[in-house]
2 protein chains.
Amino acid sequence: MQTTAGTIAPNATRTDICSAPPRRHPRPDGQDRYTISEVVAFTGLTAHTLRWYERIGLMSHIDRSHTGQRRYSNSDLDWLDFVGKLRMTGMPVADMVRYAELVREGESTYQDRRELLESTRRDVLTRIAELQDTLAVLDRKIGFYGDAGRSREGESTR
Amino acid sequence: MQTTAGTIAPNATRTDICSAPPRRHPRPDGQDRYTISEVVAFTGLTAHTLRWYERIGLMSHIDRSHTGQRRYSNSDLDWLDFVGKLRMTGMPVADMVRYAELVREGESTYQDRRELLESTRRDVLTRIAELQDTLAVLDRKIGFYGDAGRSREGESTR
DNA sequence: CGCTTGCCTGGAGTGCACTCCAAGGTCATA
DNA sequence: TATGACCTTGGAGTGCACTCCAGGCAAGCG
């Protein structure tokens with residue numbers, strides 16, 4: 001199933017007016033009724049996982065075809081993108097569901113959402129710092145094994 | 001149980017001669033026979049986890065007191081430190097066990113160990129880049145909720 | 001029409017990394 | 001010497017995030 005994934009579709013009709021990142025969708029708005037297997041191809045998630053996300057409320061109910069099959073939209077794809085980012089921060093799925101609920105509750109939850117994102121942001125900064133620390137340790141050890149492979153590293157499993 | 005955690009003990013007798021990072025141990029070498037609960041306090045791991053690490057071969061057998069209780073050494077602490085770093089990279093425990101086995105097998109495994117660390121290093125770099133990407137997305141969204149809290153973000157759960 | 005392929009559902013199963021339990025031995029302090 | 005905190009073991013249990021299964025519906029094609 002070859003799709004036009006990667007097509008640059010300028011989504012001028014969307015509502016994210018300001019500081020919008022250049023989003024690209026496989027098909028322009030209006031023709032965005034993707035089957036589950038197309039979304040699998042776009043996102044790398046499995047169909048199981050997509051259905052499960054819907055079941056637990058991480059996505060609101062997806063449009064259906066007249067026979068009941070899921071038809072995903074461009075904004076579903078955007079949401080999945082964002083969920084993927086949150087997943088990379090190590091945020092538990094339950095917290096993502098909480099965020100999704102806040103979004104569904106409407107504008108009154110702006111403050112809560114902002115706080116949640118800011119706390120996530122702090123977590124990300126911490127994690128980056130930890131990883132850079134780890135990188136330094138790895139570089140040091142790789143140095144031992146590479147250059148001075150002879151001199152014993154002070155390493156043992158105990 | 002207050003300990004002298006954080007004490008700067010110059011471990012001049014250790015074998016990591018070159019490019020050694022300034023390691024600090026709660027007690028100097030020679031008096032380093034920590035109980036499991038001391039190690040819990042130092043590392044933040046649970047006693048359960050420490051015993052489990054030993055069982056699965058992530059640590060080689062720990063010294064025991066005359067009655068069979070575990071007594072951890074400074075180099076055990078160093079190893080746990082390193083394991084903590086590897087854990088932060090998202091490396092599966094099974095891979096860490098593999099690395100531990102390589103260390104136990106001796107110098108003949110230098111090449112393998114180096115390759116493992118280098119592949120881990122690449123993973124870490126990738127992860128840092130992903131997180132920085134995520135950070136940009138978060139900052140953008142936080143901007144929406146903060147400054148122009150009124151203008152609708154192009155966000156919905158679908 | 002039959003065949004294949006794709007999709008549907010609720011519920012059960014999987015793998016990972018712990019996490020806890022029961023039953024008992026040990027150690028420090030009063 | 002007694003009390004209570006700490007330590008031991010093998011094996012079972014937990015929580016998370018999927019992952020799969022059985023049984024069935026629907027569409028496209030020779």
Side-chain angles (χ1 to χ4, degrees), chain A residues 1-3 33-73 76 79-80 82-101 120 123, chain B residues 1-3 26 33-73 76 79-80 82-101 120 123 127:
Chain A
M1 176 164 297
Q2 282 306 85
T3 64
R33 291 179 59 75
Y34 310 108
T35 64
I36 199 164
S37 61
E38 285 175 308
V39 178
V40 164
F42 300 151
T43 61
L45 297 169
T46 70
H48 296 303
T49 302
L50 287 168
R51 294 193 197 101
W52 180 67
Y53 277 3
E54 193 179 343
R55 249 196 302 190
I56 64 175
L58 185 50
M59 305 195 74
S60 45
H61 289 296
I62 301 299
D63 264 9
R64 301 298 178 115
S65 72
H66 67 105
T67 54
Q69 297 194 353
R70 288 172 183 79
R71 291 293 179 262
Y72 292 83
S73 69
D76 292 329
W79 176 254
L80 283 171
F82 179 57
V83 164
K85 299 276 185 233
L86 291 184
R87 207 163 43 120
M88 271 191 327
T89 69
M91 181 186 283
V93 167
D95 290 3
M96 297 190 228
V97 170
R98 172 80 192 124
Y99 185 83
E101 283 164 357
T120 304
D123 292 349
Chain B
M1 179 165 295
Q2 281 303 84
T3 64
R33 292 178 60 73
Y34 311 108
T35 64
I36 200 164
S37 61
E38 285 176 308
V39 178
V40 164
F42 301 150
T43 62
L45 297 169
T46 70
H48 296 302
T49 301
L50 287 168
R51 295 193 197 101
W52 179 67
Y53 276 3
E54 192 180 343
R55 252 196 299 192
I56 64 175
L58 185 50
M59 306 195 74
S60 45
H61 289 297
I62 302 298
D63 263 9
R64 300 300 178 115
S65 72
H66 66 106
T67 54
Q69 298 194 352
R70 288 173 182 78
R71 292 293 178 261
Y72 291 83
S73 70
D76 293 328
W79 177 254
L80 283 170
F82 180 55
V83 164
K85 299 276 185 231
L86 290 184
R87 207 162 43 118
M88 271 191 329
T89 69
M91 181 186 281
V93 168
D95 290 4
M96 297 188 227
V97 171
R98 173 78 192 125
Y99 184 82
E101 283 164 356
T120 304
D123 292 349
R127 188 156 304 228

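Numbered from 1 within each chain, the chains take letters A, B, ... in sequence-line order.
A donor-acceptor pair under 3.5 Å is absent between the side-chain atoms of A:Glu54 and the main chain of A:Arg51, judged by distance alone.
A salt bridge links A:Arg98 with A:Glu101; the closest basic N to acidic carboxylate O contact falls under 4.0 Å.
The closest side-chain donor-acceptor pair between B:Asp76 and B:Ser73 falls under 3.5 angstrom.
A:Arg71 contributes atom CZ, which lies 8.0 Å from atom NE2 of A:His66 (distance to the nearest 0.5 angstrom). B:Met96 contributes atom CE, which lies 8.5 Å from atom CD1 of B:Ile56 (distance to the nearest 0.5 angstrom).
For the pair A:Ile62 CD1 and C:dT9 C1', the computed distance is 16 Å after rounding to whole Å. Atom CZ of B:Arg87 is separated from atom C1' of C:dC18 by 10 Å (rounded to the nearest Å). Distance, A:Leu58 CG to D:dC16 P: 15 Å, rounded to whole Å. Nucleotide D:dA17 holds its P atom 17 Å from the CE atom of A:Met59, rounded to whole Å. For the pair B:Ile36 CD1 and D:dC7 C1', the interatomic distance rounds to 8 Å; values are reported in whole Å. The nearest whole Å value for the distance from the CD atom in A:Gln69 to the P atom in C:dC7 is 6 Å. Between the CZ atom of B:Arg64 and the P atom of C:dC27 there is a distance of 13 Å, given to the nearest Å. The nearest whole Å value for the distance from the CE atom in A:Met96 to the P atom in D:dC16 is 13 Å.
Two residues, B:Arg51 and B:Ala94, neighbour DNA chain C, and the one matched to the more 5' nucleotide by heavy-atom proximity is B:Ala94. Residue whose closest nucleotide on DNA chain D sits further toward the 5' end, between A:Tyr53 and A:His66: A:Tyr53.
Regarding contacts with the backbone of C:dT26, every side-chain N or O of B:Ser65 stays at 4.0 angstrom or more from both OP1 and OP2. Regarding contacts with the backbone of C:dG6, every side-chain N or O of A:Arg71 stays at 4.0 angstrom or more from both OP1 and OP2. Between D:dC6 and B:Thr35, no contact under 4.0 Å exists linking OP1 or OP2 to a side-chain N or O. A close approach under 4.0 Å does occur between a side-chain nitrogen or oxygen of B:Thr67 and OP1 or OP2 of C:dC27.
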Is there any protein nitrogen or oxygen under 3.5 Å from a nitrogen or oxygen in nucleotides 10-14 of chain D, and what are the pairs?
| residue | atom | partner | partner atom | Å |
| --- | --- | --- | --- | --- |
| D:dG11 | N7 | B:Arg55 | NH1 | 3.1 |
| D:dG11 | O6 | B:Arg55 | NH2 | 3.2 |

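Residues A:Ala100 and A:Leu58 approach most closely at CB-O, 3.9 Å, considering heavy atoms.
Contacts of A:Arg70 with the nucleic acid, taken as non-hydrogen atoms under 4.0 Å apart, involve only primed sugar atoms and P, OP1 or OP2.
Between B:Tyr99 and B:Trp79, the ring-plane angle classifies as parallel under the 30° and 60° cut-offs.
When the nucleotides D:dT19, C:dC18, D:dC7 are ranked by their closest atom to the side chain of A:Thr49, D:dT19 comes out on top.
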